[in-house]
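The structure appears right after this line, and notes come after that.
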Amino acid sequence: MSSLLPTLHPVFVSQLPADPELSNTCRSVEHAAYSYVPPTPTKFSKIICCNNELAYTLGFSNAALQSTEFSELISGNNLPSKMQPYAMNYGGHQFGQWAGQLGDGRAINLGQYLLPSNSTGTKVYATLQLKGAGQTPYSRRADGMAVLRSSIREYLCSEAMYHLGIPTTRALSLTLTGEEVVRDKLYDGRPAYEPCAIVARVSPSFLRFGSIQLPSSRGDLGLLKQTIEYSITHDYPALIPESWVIDKSVYLQWFTEICERTAHLIVEWMRVGFVHGVLNTDNMSLIGETIDFGPYGWIDNFDLNWTPNTSDAAEKRYRFGQQGYIGQWNLFQLGNAIYPLIEEAEPLQALLNDYNHVYQKKWLSMMQAKLGLETESEDNTMDETDLLLCKELEKIMSLVNTDMTLFYRHLATFSQQTNITDHTVLLTHFTACFYQLEEITPEYLEQLAEWLGQYQTRLSKQKNTNEQRKDAMNKVNPCYILRNFQVQEAIELAEQGDYSRVLTLAELLKAPYQEQQQYQEFAVKRPDWATNKFGCSALSCSS
């Protein structure tokens with residue numbers, strides 16, 4: 001009997017070396033990019049969310065999505081005998097310290113789908129991975145399961161990212177498994193049982209910085225070279241020369257592309273107020289995608305020092321305003337890892353220095369777009385003026401608790417003809433953006449008015465109308481983000497068996513830049529009750 005499902009190809013496992021040991025025990029895995037391991041069978045497979053649009057892209061038909069075959073596939077049950085599921089082997093720096101071998105401790109890859117041909121004729125694949133599918137040789141004495149709350153957060157955030165136009169892994173499905181595991185959610189010595197779920201996620205590549213770091217740290221130059229060349233061949237095929245000889249110059253071009261994509265990714269996070277929360281090198285994608293949605297958070301009130309990760313509360317290494325720097329730090333570690341194949345420090349150092357210039361240029365362009373500033377001129381003086389304007393705005397937004405998302409949407413409707421000397425007008429226009437009205441003193445309004453005056457002066461030098469500027473700003477400043485308190489509300493309902501809020505958020509986030517009348521209740525700032533509530537203001541790494 002033929003399967004309804006599209007074919008999964010064993011591309012990764014056919015081109016990189018496997019761990020010869022087949023036992024599913026925690027151990028050090030040498031000279032191998034992955035270990036074969038089957039998903040742990042689940043009690044049942046109940047689909048909470050299915051991303052039909054993504055499924056169609058992968059080749060699933062409506063009939064396939066309704067089949068038992070599909071529900072069994074995305075829960076890891078009754079897989080075809082020819083399938084070769086595997087967990088990837090990689091290392092990484094965690095909170096600035098080398099942690100050695102890490103690997104897929106609760107993720108199991110099923111294989112690759114061949115996507116429809118593109119204009120170049122190059123074969124493009126997408127990997128299907130099950131997160132929370134059970135123990136692997138890299139589970140480090142853990143159970144490999146993922147709880148429902150973290151799975152909901154992964155599903156919703158990866159799809160929110162996609163529809164915001166930010167590079168990201170995708171979520172195909174969210175499935176309840178019927179299992180329960182004990183987790184100490186608050187790390188306070190009060191563990192409790194929680195329901196488990198599996199997210200089927202999809203990406204062209206799940207290779208990370210740590211995939212390169214681990215073989216390099218072990219002096220395994222053969223595996224290092226193989227892994228890099230696999231990445232180049234499958235994810236950066238345009239870099240392959242006509243001779244098909246991948247040498248030092250191609251490695252440097254590959255590293256240049258990764259630096260560029262990393263800068264772009266983090267600038268995009270800054271645009272929408274996203275804080276990853278745990279930017280360890282094992283959580284950095286070699287193709288510049290957002291990956292591993294753990295204790296992430298979205299900025300409510302603008303705060304460059306905010307981190308959602310309770311494990312990072314003291315050092316704030318991965319705080320909002322430091323993400324660009326951490327990107328460079330992590331790239332430095334990747335540069336160190338490929339040095340044995342380059343054997344020259346200067347070109348790597350030059351590229352790492354360039355990263356900062358690339359990041360700053362991309363950041364300024366992003367901020368100009370958020371402010372609706374026309375940038376067709378080649379006048380560098382104008383860029384310097386805009387840079388000061390943007391930096392001053394950050395200071396203004398930091399003076400009082402200002403909702404970042406709402407502020408930019410309200411700024412879009414602020415006319416350049418508005419009388420900024422009338423503080424009552426300013427207060428009325430921006431009131432919805434402020435968390436504590438008692439902070440809005442006459443002195444603050446004077447500072448806001450001064451900045452708005454500079455903004456109006458800048459706007460007077462461009463040709464677009466107020467309405468045109470508003471339209472342009474609203475295309476880059478979302479109306480809806482995945483607010484921390486809203487996803488927490490959805491989780492609490494889901495833990496009681498009500499998945500309606502999860503489905504609602506998944507739907508409204510498909511059009512984050514458009515005001516949707518039926519979802520206006522979600523375009524609001526954080527309520528007072530959520531200010532210090534766990535899940536709304538801070539999260540742990542427990543899953």
Considering all heavy atoms of both residues, which atom of [X] and which atom of [Y] are nearest to each other, and what is their separation?
{"X": "Ala449", "Y": "Ile420", "answer": "O-CD1, 3.3 Å"}
{"X": "Gly288", "Y": "Arg261", "answer": "CA-CB, 4.0 Å"}
{"X": "Pro167", "Y": "Thr290", "answer": "O-OG1, 2.8 Å"}
{"X": "Ser203", "Y": "Thr169", "answer": "CB-CG2, 3.9 Å"}
{"X": "Asp235", "Y": "Pro204", "answer": "OD1-O, 3.9 Å"}

Review point. Do Phe302 and Ser398 have side chains that get closer than 4.5 Å, going by heavy atoms?
Key: yes
Could you tell me whether [X] and [Y] have a side-chain N and a carboxylate O separated by less than 4.0 Å?
{"X": "Glu53", "Y": "Lys510", "value": "no"}
{"X": "Asp292", "Y": "Arg201", "value": "yes"}
{"X": "Asp403", "Y": "Arg483", "value": "yes"}
{"X": "Glu492", "Y": "Arg149", "value": "no"}
{"X": "Glu374", "Y": "Lys463", "value": "no"}

With a cut-off of 6.0 Å (strictly less than), are more than 12 heavy atoms of other residues, nucleotides or ligands near [atom1] of [X]?
{"X": "Gln454", "atom1": "CD", "value": "yes"}
{"X": "Glu438", "atom1": "CD", "value": "yes"}
{"X": "Asp528", "atom1": "CG", "value": "no"}

Check your understanding: Stepwise, does the salt bridge (Lys or Arg N to Asp or Glu O under 4.0 Å) test hold for Lys248 with Glu344?
Key -> CA-CA 10 Å; Lys248 182 190 303 185; Glu344 290 182 80; 3.2 Å; yes
Taking the ring centre of each residue, are [X] and [Y] less than 6.0 Å apart?
{"X": "Tyr325", "Y": "Trp329", "result": "no"}
{"X": "Tyr125", "Y": "Phe12", "result": "no"}
{"X": "Phe414", "Y": "His410", "result": "no"}

Kindly say whether [Y] contributes a backbone atom to a donor-acceptor pair with the side chain of [X] at under 3.5 angstrom?
{"X": "Asp104", "Y": "Met88", "value": "yes"}
{"X": "Glu159", "Y": "Ala171", "value": "yes"}
{"X": "Thr402", "Y": "Met404", "value": "no"}
{"X": "Thr307", "Y": "Arg319", "value": "no"}
{"X": "Gln328", "Y": "Leu352", "value": "yes"}
{"X": "Thr262", "Y": "Gly327", "value": "no"}
{"X": "Thr233", "Y": "Glu229", "value": "yes"}
{"X": "Asp282", "Y": "Gly92", "value": "no"}
{"X": "Lys362", "Y": "Ala263", "value": "no"}
{"X": "Gln468", "Y": "Thr465", "value": "yes"}

Do [X] and [Y] form a cation-pi contact, if we require the NZ or CZ to be under 6.0 Å from the six-membered ring centre and within 45 degrees of the ring's axis?
{"X": "Lys475", "Y": "Tyr513", "result": "no"}
{"X": "Arg153", "Y": "Phe293", "result": "no"}
{"X": "Lys370", "Y": "Trp363", "result": "no"}

Exercise for review: Would you tell me whether Gln520 and Tyr480 have side-chain atoms, one donor and one acceptor, within less than 3.5 Å of each other?
Suggested key: yes
Check your understanding: Can you find a side-chain donor-acceptor pair between Gln416 and Ser460 that sits under 3.5 Å?
Key -> no
**Study point:** Passing candidate, ring pair (Phe, Tyr, Trp, His ring centres under 6.0 Å) with Phe274, options Trp298, Tyr318, Phe320
**Key:** Trp298
Check your understanding: Only one of Gln436, Lys525, Arg526 forms a side chain to side chain donor-acceptor pair (under 3.5 Å) with Asn301, so which one is it?
Key -> Arg526
**Study point:** Worked verdict on Tyr444 versus Phe434 for ring pair (Phe, Tyr, Trp, His ring centres under 6.0 Å)
**Key:** CA-CA 12 Å; Tyr444 168 77; Phe434 301 131; 5.8 Å; yes
